[in-house]
2 protein chains.
Amino acid sequence: MGTALTPNETEVLALLRGANGPMTAYQLLGRMQRKGGAVAPPTVYRALKGLEEAGVVQRIETLRAWAVVTSPVPGVVAICDYCGSVRSVEAPSLFESLHQRLAAEGFAEARQTIEVHGRCGDCTGGRA
Amino acid sequence: MGTALTPNETEVLALLRGANGPMTAYQLLGRMQRKGGAVAPPTVYRALKGLEEAGVVQRIETLRAWAVVTSPVPGVVAICDYCGSVRSVEAPSLFESLHQRLAAEGFAEARQTIEVHGRCGDCTGGRA
DNA sequence: CAGATATACGTTATAGTATTACATAGCACA
DNA sequence: TGTGCTATGTAATACTATAACGTATATCTG
């Protein structure tokens with residue numbers, strides 16, 4: 001199946017798993033430098049590319065940051081602008097509707113990005 | 001209603017309208033420099049910010065580029081990776097489903113980004 | 001009118017994100 | 001042994017975006 005991860009990919013993935021949210025490439029770079037000495041941007045970007053192709057991380061486009069994929073199926077990324085939390089919400093029927101809608105236009109999609117900014121339940125319940 | 005556009009905003013909007021697709025901020029900058037002499041990045045970014053707030057342009061996140069808003073209502077941005085075309089596809093019921101789905105999670109959305117990469121009808125019909 | 005405020009813009013510098021290009025090292029295996 | 005492949009290192013650069021500060025102009029208002 002998926003080829004095994006390389007050492008660098010493993011390290012980046014571990015860092016992302018240990019974080020409680022997305023990290024930018026340069027945050028990852030900083031962590032790796034504090035551990036391992038001379039690490040340069042291509043090391044991080046190559047690892048991210050590999051992990052993305054393996055389907056285990058994804059770029060959160062609107063944050064220019066990277067996060068572990070938490071759901072087996074593509075989801076809606078819900079980003080709270082108040083507390084910064086990022087959740088992936090599964091919505092298979094939504095993606096199916098999207099597929100249908102695009103098919104009706106003759107468009108064959110290969111990759112969907114759905115990101116939503118707003119306020120999460122925790123931040124809505126409490127004060128502003 | 002919407003305040004009038006500033007001269008810089010007007011110029012940037014005209015450039016985007018004249019293009020047949022999204023332009024990056026630095027492409028806009030280059031055009032403005034060839035016309036007007038010394039123009040710096042903040043000039044472009046300020047104009048884009050104003051236009052975005054006015055709802056007449058939007059950033060295409062997955063392209064890191066900017067495009068004129070073509071539909072009165074938020075749409076699905078369909079990007080053909082073969083010919084580079086970018087279209088906004090209206091899908092009100094899709095956005096309504098998205099709203100419902102997020103509301104069920106307690107999430108109140110303020111801004112949605114839906115971008116899809118794939119192959120458009122023109123590129124599907126013909127050869128690879 | 002003087003002074004206060006607000007908007008738009010100019011200018012310089014810098015921050016933040018990502019890629020290109022080329023070198024090297026190790027492994028697999030004919 | 002040598003050939004090719006994968007992963008990595010390394011240096012430089014490209015691309016995207018913002019911060020911080022200054023200036024000009026308009027408008028309001030006492």
Side-chain angles (χ1 to χ4, degrees), chain A residues 1-16 19 21-54 56-67 79 81 84 86 113 115 117, chain B residues 1-16 19 21-54 56-67 79 81 84 86 113 115 117:
Chain A
M1 317 314 168
T3 339
L5 299 182
T6 70
N8 279 335
E9 287 168 355
T10 305
E11 184 175 2
V12 166
L13 181 55
L15 286 169
L16 283 174
M23 294 178 72
T24 70
Y26 276 73
Q27 285 172 338
L28 290 162
L29 179 61
R31 295 294 196 87
M32 291 173 77
Q33 286 172 336
R34 271 187 280 294
K35 289 192 197 183
V39 182
T43 298
V44 174
Y45 282 100
R46 280 195 284 241
L48 288 170
K49 181 163 185 270
L51 291 168
E52 188 172 44
E53 283 166 0
V56 299
V57 310
Q58 65 181 141
R59 185 176 193 264
I60 310 300
E61 301 289 343
T62 57
L63 298 178
R64 287 98 148 156
W66 302 79
I79 301 154
D81 294 325
V86 175
T113 299
E115 297 178 15
H117 284 254
Chain B
M1 318 304 177
T3 339
L5 299 182
T6 70
N8 278 336
E9 286 168 357
T10 304
E11 183 175 2
V12 166
L13 181 55
L15 285 170
L16 282 175
M23 293 177 72
T24 71
Y26 277 73
Q27 285 172 336
L28 289 163
L29 180 61
R31 295 293 195 86
M32 290 173 76
Q33 286 172 336
R34 272 187 278 292
K35 289 192 198 184
V39 181
T43 298
V44 174
Y45 281 101
R46 278 195 284 242
L48 288 170
K49 181 162 185 271
L51 291 168
E52 188 172 45
E53 283 166 1
V56 300
V57 309
Q58 67 181 139
R59 185 177 194 266
I60 310 300
E61 301 289 343
T62 56
L63 298 178
R64 287 97 146 159
W66 302 79
I79 300 153
D81 294 326
V86 176
T113 299
E115 297 177 14
H117 284 253

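Each chain gets a letter, A, B and so on, in the order the sequences are listed, and its residues count up from 1.
Taking both residues in full, the closest heavy atoms of B:Glu52 and B:Arg59 are given as OE2-N, 3.8 Å, listed atom of the first, atom of the second, then distance. When all heavy atoms are compared, the tightest approach of A:Pro41 to A:Tyr26 is CG-OH, 3.4 Å.
Regarding contacts with the backbone of D:dA17, a side-chain N or O of A:Arg64 is found under 4.0 angstrom from either OP1 or OP2. Between B:Tyr45 and D:dA17 there is a side-chain polar atom (N or O) within less than 4.0 angstrom of OP1 or OP2. Applying the 4.0 Å criterion to OP1 and OP2 of C:dC9, one finds that B:Thr6 has a side-chain N or O inside that range. Between A:Thr43 and D:dT8 there is no side-chain polar atom (N or O) within less than 4.0 angstrom of OP1 or OP2. Contact annotation: B:Arg59 side-chain N/O to D:dT16 OP1/OP2 distance is not under 4.0 Å.
For the pair A:Arg46 and A:Trp66, nearest-nucleotide mapping onto DNA chain C gives the more 5' position to A:Trp66. In terms of position along DNA chain C, the nucleotide closest to A:Leu63 lies nearer the 5' end than the nucleotide closest to the other residue of the pair A:Leu63 and A:Pro42.
Taking atom CE of B:Met23 as the reference point, atom P of D:dC15 lies 14 Å away to the nearest angstrom. The nearest whole Å value for the distance from the CG atom in B:Leu5 to the C1' atom in C:dT7 is 14 Å. Rounded to an integer number of Å, the gap from A:Glu53 CD to D:dA7 P is 11 Å. A:Glu11 places its CD atom 10 Å from the P atom of D:dG9, with the value rounded to the nearest Å.
In this structure, A:Glu61 contributes its side chain and A:Thr113 its backbone to no donor-acceptor pair below 3.5 Å.
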Handout entry: Steps toward side chain to side chain contact (heavy atoms under 4.5 Å, CB included) verdict (B:Thr62, B:His117)
Key = CA-CA 9 Å; B:Thr62 56; B:His117 284 253; 2.8 Å; yes
Practice task
Might you work through the side chain to side chain contact (heavy atoms under 4.5 Å, CB included) test for B:Glu11 and B:Val39, ending with a clear yes or no?
Solution key: CA-CA 12 Å; B:Glu11 183 175 2; B:Val39 181; over 6 Å; no
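Put simply, CD on B:Glu9 and CZ on B:Arg46 are 11.0 Å apart, with the number rounded to the nearest 0.5 Å. Here the CG-CG distance, from B:Asn8 to B:Leu28, works out to 11.5 Å after rounding to the nearest 0.5 Å.
Near DNA chain C, meaning a heavy atom under 4.0 Å away, there are no residues from residues 26-34 of chain B.
Among the protein residues, B:Pro7 comes within range of the sugar-phosphate backbone only, with heavy atoms under 4.0 Å from sugar or phosphate atoms but none that close to a base.
Closest to the A:Ala40 side chain, of the nucleotides C:dG10, D:dT8, D:dT10, is D:dT10.
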